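Okay, structure first, notes after.
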Amino acid sequence: MTHAAGTPRPRARQARLLDLMLPWAAGILVTLIAELGVAVVVWDWIAGDDPSNVASPARTILFLHLPSALCIALGTWAAAALHRSPSRDSRVRHLLAAFAPAVALQLVIFFSQGSDLTVITFLVQLVVLVVGCAVGFLADRLRNGER
């Protein structure tokens, strides 16, 4: 499976990349569908037509940031759960499979905010990302009986 120089053949690299594609797709889809559900609940049922209903810091955390962390956790869990052996046996590849979808989606959000992105919104969104990824990865490890 290696060339004379000892480098892996392109086929082996493709197989490793393909092992990551299904978890990434699942993580992105689960996160987006969960975020859509949260958006419908928060903006249609709770806030209605008046965004001031969620304008206080406590309500912002309760209705926006905690549900967003839960959505990220669900996406991370889905990505990690669909990542299979032998690629899963490598901790680096497993972390990449689990966290890449959430990080990619968060980067899209950061870049889409443009000049509206402030230091505090960046930090809050970063905390939401880290908490969501950690909870989702922990759920996967608990589901598999790993420590």
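Given the structure is predicted, the values throughout are model-derived calculations rather than measurements.
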Tell me whether [Y] is reachable from [X] by hopping between hydrophobic residues (I, L, V, M, F, W, Y) whose side-chain heavy atoms are closer than 4.5 Å.
{"X": "V103", "Y": "L123", "value": "yes"}
{"X": "L126", "Y": "I109", "value": "no"}
{"X": "V128", "Y": "L107", "value": "yes"}
{"X": "V41", "Y": "L62", "value": "yes"}

What pairs of residues pass the side-chain hydrogen bond (donor to acceptor under 3.5 Å, both in side chains) test when at least one of them lies in residues 121-134, not counting sequence neighbours? Q106-Q125, T118-T121
For residues 69-80, which residue pairs qualify under side-chain hydrogen bond (donor to acceptor under 3.5 Å, both in side chains), counting only residues two or more places apart or in two chains? none
Keeping R84 on the side-chain end and A81 on the backbone end, is there a donor-acceptor pair under 3.5 Å? yes
Using atom types as modelled and distance alone, determine if a side-chain donor or acceptor of R88 lies under 3.5 Å from a backbone N or O of R93. no
Closest heavy-atom contact between [X] and [Y]?
{"X": "D89", "Y": "S85", "answer": "OD1-OG, 3.3 Å"}
{"X": "G75", "Y": "T31", "answer": "CA-OG1, 3.2 Å"}
{"X": "L74", "Y": "A34", "answer": "CD1-CB, 4.3 Å"}

State which residues pass side-chain hydrogen bond (donor to acceptor under 3.5 Å, both in side chains) with [X]; sequence neighbours excluded, sorted by chain then number.
{"X": "N144", "answer": "D140"}
{"X": "S68", "answer": "E35"}
{"X": "S112", "answer": "none"}
{"X": "D116", "answer": "none"}

Other cluster members, [X] - Ile/Leu/Val/Met/Phe/Trp/Tyr, side-chain contacts below 4.5 Å:
{"X": "L82", "result": "L22"}
{"X": "L142", "result": "L138"}
{"X": "L32", "result": "I28, L105"}

Selection residues 17-62 - residue pairs positive for ring pair (Phe, Tyr, Trp, His ring centres under 6.0 Å), sequence neighbours left out: none
Taking only residues at least two apart or on different chains, which pairs with a member in residues 91-120 satisfy ring pair (Phe, Tyr, Trp, His ring centres under 6.0 Å)? H83-H94, H94-F137, F99-F137, F110-F122
Side chain to side chain contact (heavy atoms under 4.5 Å, CB included) test vs I72 passes for just one of C133, P101, P67, namely C133
I61: which residues meet the side-chain contact (heavy atoms from CB on, under 4.5 Å) condition with it, sequence neighbours left out? H65, L66
Taking side chain as C-beta onward, heavy atoms only, is V42 less than 4.5 Å from L64? yes
